[in-house]
Amino acid sequence: MNNFVISVANSFSPSPAGRHKGDGPFPGEVFRDSLLIPALRSNESVTVDFDGTEACGSSFLDEAFGGLIRQGGFTEQALRKILHFRASRKSYEAKVWKYIHEAGLAS
Amino acid sequence: MDPFLLQWLPALIAIGGWVIVNSQNNKRETRKEGRAAADSAKKLTMEAAVLGVAYLKGDRADSFAVKLIMEALEVELARFPLFNQGSRLMGRYVDFDAAITGGDFESVVQPVFTALSPEVRKVGNARNQLLSEIEAQFKLHYC
């Protein structure tokens with residue numbers, strides 16, 4: 001199974017912030033649309049590596065990952081099979097799955 | 001009683017006493033460390049809530065400081081054994097973080113809230129739940 005790794009710090013920004021394109025240079029919407037969705041659509045497995053990232057707010061995480069359900073058309077079930085995480089901070093994975101789950105319930 | 005045993009009995013009692021006292025000392029030290037971790041985590045929780053509410057009420061100068069204090073809080077919480085995926089402590093922390101840095105945090109469209117806004121009250125509720133869980137974790141592991 002091919003696994004594609006996205007390093008948030010190296011491929012996007014060490015300090016991502018905000019939700020939408022107008023909120024700044026590195027918001028969740030841009031991360032989702034330019035990196036995350038293309039990777040998920042063309043790989044069997046994607047690992048998002050948060051190491052090296054400083055202080056991701058929940059607004060960024062919700063837009064980037066909850067937005068996979070709301071805007072990207074993915075389901076939580078499908079994401080649980082292909083989306084993985086690497087982070088020294090344990091809370092990143094917990095937060096992301098919370099937002100994905102909440103987006104799934106609301107859809 | 002066997003004379004050989006009688007000869008060694010004082011030493012055995014002394015060793016046994018040392019083992020008991022040492023064990024109690026270790027428990028006491030572990031409890032002190034746990035108390036220090038809980039107090040530090042609670043202090044950071046209160047500070048994060050103050051900064052977070054100030055941000056929501058319009059003080060937008062330093063959103064990065066808000067995120068940094070949340071990270072510092074996570075470092076303290078990670079000292080507890082049960083700060084894992086799926087644990088109550090993790091859940092309370094994630095909810096607290098969402099209350100402060102979720103919504104339209106760092107967005108140009110973020111409105112200014114008042115003290116009575118549901119968004120501000122959500123921070124207070126999440127803070128209280130996290131504080132309670134920190135105490136519960138301390139009692140569970142160190143009492």
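Excluded from the calculations below are hydrogen atoms, water molecules and symmetry mates; all remaining heavy atoms, backbone and side chain alike, are included. So that the names make sense, note that chain A is the first sequence line, chain B the second, and so on, each numbered from 1.
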Counting only heavy atoms from other residues, nucleotides and ligands, does the tally under 6.0 Å from CZ of B:Arg35 exceed 12? yes
Starting at CG of B:Asn84, measure out to OG of A:Ser91 and round the result to the nearest 0.5 Å. 12.5 Å
In one Ile/Leu/Val/Met/Phe/Trp/Tyr side-chain cluster, 4.5 Å: A:Tyr92, B:Leu77: no
To the nearest 0.5 Å, what is the distance between CE (B:Met90) and NZ (A:Lys95)? 9.0 Å
Determine, using the 4.5 Å side-chain heavy-atom cutoff (strictly less than), whether B:Leu68 and B:Leu130 are members of one ILVMFWY cluster. no
Transitively linked via ILVMFWY side-chain contacts under 4.5 Å: B:Leu89 with B:Ile69? yes
Quick one: ring pair (Phe, Tyr, Trp, His ring centres under 6.0 Å) partners of B:Phe113, sequence neighbours excluded? none
Answer with yes or no whether the hydrophobic clustering places B:Val123 together with B:Val120; edges join I, L, V, M, F, W, Y residues whose side-chain heavy atoms lie under 4.5 Å apart. yes
So does B:Lys42 have more than 12 non-hydrogen atoms from other groups sitting under 6.0 Å from NZ? yes
For chain B, which residues from residues 58-88 of chain A have at least one heavy atom closer than 4.5 Å to it? A:Ser58, A:Ser59
How would you list, in number order, the residues of residues 22-35 of chain A that have a heavy atom less than 4.5 Å from chain B? A:Gly22, A:Asp23
Quick one, B:Gln85 and A:Lys90 - any side-chain contact, counting heavy atoms below 4.5 Å? no
Under 4.5 Å heavy-atom distance to chain A, tell me which part of B:Glu71 shows up: side chain, backbone, both or neither. both
Say you draw a straight line from SG of A:Cys56 to NZ of B:Lys67; how long is it, rounded to the nearest 0.5 Å? 7.0 Å
If the contact rule is any heavy atom under 4.5 Å from chain B, which residues of residues 97-107 of chain A qualify, in numerical order? A:Trp97, A:Lys98, A:Tyr99
Same apolar cluster: A:Val96 and A:Ile37, side chain cutoff 4.5 Å: yes
Counting C-beta onward and ignoring hydrogens, is there a side-chain heavy-atom pair between A:Arg19 and B:Phe105 closer than 4.5 Å? no
